[in-house]
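Here is the structure we will look at, set down as structure tokens.
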Amino acid sequence: MASEYVFAPPAAVSIPVLGQQARFPVHRIYCVGRNYEEHAKEMGFTGREPPFFFMKPADAVVVVDADQSGSIPYPSLTKNLHHEIELVAAIGTGGKNISAADAHKHIFGYAVGLDMTRRDLQGDMKKQGRPWDIGKSFDHSAPIGPIVPVVQAGHIEQAEISVQVGGKDRQRSNVSKLIWNIGETIEHLSAAWELQPGDLIFTGTPEGVAAVVSGDTMVGQIAGLPTLTVRVS
């Protein structure tokens, strides 16, 4: 007998895969905090502190197809919405206690993502010692471009990463400057959670985070991956 529900369940969240008809279904979204040294400094921290994580709901994803422009609404409650450009690793093979040396075997591909942040609300929560959810995990807070399979992504760990707003650089760095590289991040993350196919890992943002307002267009780029263009409406 087919299952019955009290209301229709939502459709699965999925992301296009470059060059393929099949889509990547999203399971969970993990994000790494303060994973570039210069960004850690601009947020008031220094050194190679142990990695820490927060999560976004799968339906925070806003999919932007290759060569297209996406849109997100300016969120409620905030007066200080920040962009954070990030390399996203898409997990294709799950596992627990994965070693950094074996982490590459679990990655399906990579994408360009934006971790949008209600910075004023996040700051208020920090001061009170409370969770960041209201500042990080809101609707439309995870715009993302198509996933590029690993074999097509090139030398992603040495890729330039940047975001422009209004045609001017806001953030520009290199993935090689991650404090905890992709393999190390997966090692730490999989010690705390069993990773599943469909998980996305936002690997951290470089320095230069700043506010955007309605009407601004963000253009995020990581060498070897499709450009992510998102307008704030």
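Since the structure is predicted, the reported quantities are computational estimates derived from the model, not experimental observations.
Aromatic ring centres of Trp132 and Phe52 lie closer together than 6.0 Å. Between Phe202 and Tyr30, the ring center distance fails the sub-6.0 Å criterion.
Contact check on Lys177 versus Glu37 returns no salt bridge, with no Lys/Arg side-chain nitrogen under 4.0 Å from an Asp/Glu carboxylate oxygen. With respect to Arg119 and Glu84, a salt bridge is recorded, a charged nitrogen being found less than 4.0 Å from a carboxylate O. Salt-bridge formation is detected for the pair Asp115/Lys136: a Lys NZ or Arg NE/NH1/NH2 atom is positioned less than 4.0 Å from an Asp or Glu carboxylate oxygen.
By the rule that hydrophobic residues join a cluster once side-chain heavy atoms approach within less than 4.5 Å of another member, Val62 and Leu81 end up as members of one cluster. Val61 and Ile147 fall within a single hydrophobic cluster, where Ile, Leu, Val, Met, Phe, Trp and Tyr are joined by side-chain heavy atoms under 4.5 Å apart, directly or via other members.
Side-chain contact between His27 and Ile91 is absent, with no heavy-atom pair separated by less than 4.5 Å. Counting heavy atoms from C-beta outward, Leu114 and Ile85 have side chains that approach closer than 4.5 Å. Counting heavy atoms from C-beta outward, Leu18 and Pro226 have side chains that approach closer than 4.5 Å. Looking at Val163 and Gln221, their side chains never come closer than 4.5 Å, going by heavy atoms from C-beta outward. Within the 4.5 Å cutoff, side-chain heavy atoms of Ile182 are placed close to those of Leu87. Using a 4.5 Å heavy-atom cutoff, the side chains of Val175 and Tyr36 are in contact. Asn35 has its side chain within reach of Thr185: a pair of non-hydrogen atoms, C-beta onward, lies under 4.5 Å apart.
Going from atom CG of Asp216 over to atom CZ of Arg170 covers 6.5 Å, rounded to the nearest 0.5 Å. Summarising the geometry, atom CZ belonging to Arg34 is positioned 13.0 Å from atom OG1 belonging to Thr205; distances are rounded to the nearest 0.5 Å. Separation of atoms OG (Ser233) and NE2 (His140) is listed at 8.5 Å; rounding is to 0.5 Å. Rounding to the nearest 0.5 Å places CD of Gln171 at 5.5 Å from NE2 of His83. Here the CG atom belonging to Leu77 is positioned 11.0 Å from the CG atom belonging to Asp124, to the nearest 0.5 angstrom.
Classification of the His188-Trp180 ring pair by plane angle, with boundaries at 30° and 60°, yields perpendicular.
In the displayed structure, Lys96 atom NZ is contacted under 6.0 Å by more than 12 heavy atoms of other residues, nucleotides or ligands. Around CG of Asp67, the count of heavy atoms belonging to other residues, nucleotides or ligands within 6.0 Å does not exceed 12. Atom NZ of Lys79 is surrounded by 12 or fewer heavy atoms from other residues, nucleotides or ligands within 6.0 Å.
Seen from the ring of Phe138, Arg118 counts as a face-on cation partner, given the 6.0 Å and 45° thresholds.
No side-chain N or O of Asn80 forms a donor-acceptor pair with one of Thr78 less than 3.5 Å apart. Using a 3.5 Å distance cut-off with no hydrogens or angles, the side chains of Lys56 and Ser141 do pair a donor with an acceptor.
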